[in-house]
Amino acid sequence: MIQFKLKRRLPYKPTERMNVVSYPIRDIVMEAKREEAKGKKMIYLNIGDPPQYGFKPFRVIAERVKSALDENCQGYAPSEGDEQLRKNVAKIEKCKPEDVFVVGGLTEGIDFFFHSFIGFGEKVLLPNPTYPLYISKAKQFEGDTVFYRHDAHGQIDVANLSRKIEGAKAIIIINPNNPLGAVYSEQNLAEVIHLCSEYDVPIFYDGSYDKLTLEGKQVDFRQLAKKRVPFIYGSSLSKVFNYPGARIGWVAFHGDKWADVKNAFFLLCNQRLSVNWEYQKAAAAAIVDRSYPAYLTEVKKNLLERRDAFISIAGKLPISFPVPKGAFYAFIKLESKKWQKDIQFVRAALKEGVVFVPGSGFGRQEDGVYFRTTFLPEPEIIEEAFEKIRKIL
Ligand SMILES: Cc1ncc(COP(=O)(O)O)c(C=O)c1O
């Protein structure tokens with residue numbers, strides 16, 4: 001149930017509720033389309049949409065969707081998810097199928113999590129910078145957003161977190177992190193888990209990019225956290241299978257804290273009936289397919305090449321950013337003092353024909369002006385884009 005603050009219980013227009021809903025990654029597209037309508041060619045670097053930049057989805061998904069079209073799955077799927085998909089996710093998660101819920105992309109899982117777990121004024125710890133949906137959902141469900149920092153090495157700043165954690169209802173961890181591209185080490189995660197267990201704070205772990213570690217070791221968070229702290233692990237077909245249009249994600253509940261929240265998930269799943277069944281069948285096949293590791297190796301090789309090309313192109317400009325060690329974004333700081341506000345810079349870039357996301361969309365940045373880009377496109381496109389913005393930097 002949405003709980004509105006008392007002052008908002010007065011009659012309000014439904015559209016007024018929208019003042020808390022924002023998604024900077026796409027909101028900027030409206031402005032870009034206006035430029036495009038004037039005849040400007042735009043390069044879209046605002047969104048991490050791999051197929052847009054030539055990354056082919058994992059082959060098994062389309063194949064299985066086609067064969068599923070001939071099966072008896074034109075009706076509504078079970079609300080909580082296709083049975084086989086839940087079983088296969090449970091195998092990977094090492095939990096019970098009943099602990100798995102299939103959602104319309106992890107986006108819906110995040111929405112359901114806030115809806116079912118975060119009440120008015122309850123503290124939610126978010127990384128800074130964070131994926132913008134978490135800020136928007138915390139606002140929508142009237143949680144109290146508190147940001148924790150990263151240290152100079154892109155690790156979770158545990159000392160900073162320990163000053164903020166008391167009384168928190170939940171902590172969000174995104175690893176690899178969007179937008180920073182940070183990948184947390186085993187030791188860093190172990191320290192965070194220890195802190196969370198001391199303060200009895202459950203974790204929502206966003207593993208949207210969990211297989212896309214480009215440098216360093218990929219840590220299995222589930223193994224580290226199991227039995228130490230209650231957590232929810234979420235992922236989807238969008239990034240690690242390069243199929244965001246499938247709109248298939250899942251969340252797995254770990255630990256014994258979640259009975260009420262799982263009930264709430266059931267109700268929320270019932271309310272929206274079901275997720276596309278053919279794509280669930282495809283997901284069930286894809287996530288356990290034997291050819292996936294070879295596919296993933298190829299994807300990571302391409303990503304690494306694009307990241308390195310990006311670093312050498314962007315590295316020549318008066319900007320700075322931590323080297324992305326995972327996912328496919330860079331969170332960039334302007335080194336010149338030309339721009340006071342990120343939105344002014346992003347609008348100037350739009351006029352030049354390049355679409356970025358303002359850094360403040362990922363949380364307030366105290367020490368400068370930031371924007372986020374994806375490095376997914378081919379080097380020639382990145383080159384063209386950064387050449388266009390050179391003169392406004
Ligand atoms: C960190 C993170 N979490 C969740 C999502 C949502 O992804 P989807 O709903 O496509 O699974 C995204 C999408 O960009 C993301 O970057």
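We count ligands from 1, going down the list as the structure has it; atoms in each ligand are counted the same way.
- Distance from atom 6 (C) of ligand 1 to its nearest protein heavy atom, with residue and atom name: T107 OG1, 3.4 Å.
- In terms of polar-atom proximity, I174 is not counted as a contact of ligand 1, lacking any N or O under 3.5 Å from an N or O of the ligand.
- For the side chain to side chain contact (heavy atoms under 4.5 Å, CB included) with F362, the qualifying choice from N128, N178, I135, L126 is N178, the only one to do so.
- With hydrogens and angles ignored, the 3.5 Å screen pairs no side-chain donor or acceptor of K66 with any backbone N or O of I61.
- Taking a cutoff of 4.0 Å between a charged side-chain nitrogen and a carboxylate oxygen, E83 and R86 do not qualify as a salt bridge.
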Derivation and outcome, ring-ring contact (aromatic ring centres under 6.0 Å, His included), residues Y184 and H150: CA-CA 10 Å; Y184 308 135; H150 290 89; 5.7 Å; yes
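- Here the options are V346, I43, L45, N46, the test is side chain to side chain contact (heavy atoms under 4.5 Å, CB included), and the partner is V355; only N46 passes.
- A ring pair (Phe, Tyr, Trp, His ring centres under 6.0 Å) with F101 is found for one member of F266, W258, W250, F112 and no other, namely F266.
- Checking each of F375, Y209, F371, Y370 against Y329 for a ring pair (Phe, Tyr, Trp, His ring centres under 6.0 Å) leaves exactly one that passes, namely Y209.
- Protein heavy atom at the shortest distance from atom 14 (O) of ligand 1 is K239 NZ, 3.0 Å.
- Using 4.0 Å as the threshold, S208 has a heavy atom nearer than that to some atom of ligand 1.
- Scanning all protein heavy atoms for the shortest distance to atom 1 (C) of ligand 1 gives D206 OD2, 3.3 Å.
- Of the charged side-chain nitrogens involved, at least one lies within less than 4.0 Å of a carboxylate oxygen, so that E366 and R364 count as a salt-bridged pair.
- Contact annotation: for L106 versus ligand 1, heavy atoms closer than 4.0 Å belong to both the backbone and the side chain.
- Between E215 and R307, at least one side-chain N (NZ, or NE/NH1/NH2) sits under 4.0 Å from a carboxylate O, which counts as a salt bridge.
- Annotation: atom 13 (C) of ligand 1 to nearest protein heavy atom, Y131 OH, 3.2 Å.
- The shortest N/O to N/O separation between Y134 and ligand 1 does not fall below 3.5 Å.
- Set against the non-hydrogen atoms of Y209, the atoms of ligand 1 under 4.0 Å away are 1 (C), 14 (O), 15 (C), 16 (O).
- Here is the list of ligand 1 atoms found below 4.0 Å of a heavy atom in S236: 11 (O).
- Counting the atoms of ligand 1 from 1 in the order shown, those under 4.0 Å from a heavy atom of R247 are 8 (P), 9 (O), 10 (O).
- Remark: minimum distance from atom 10 (O) of ligand 1 to any protein heavy atom is reached at S238 OG, 2.6 Å.
- The ligand atoms of ligand 1 that sit less than 4.0 angstrom from a heavy atom of G105 are 9 (O), 11 (O).
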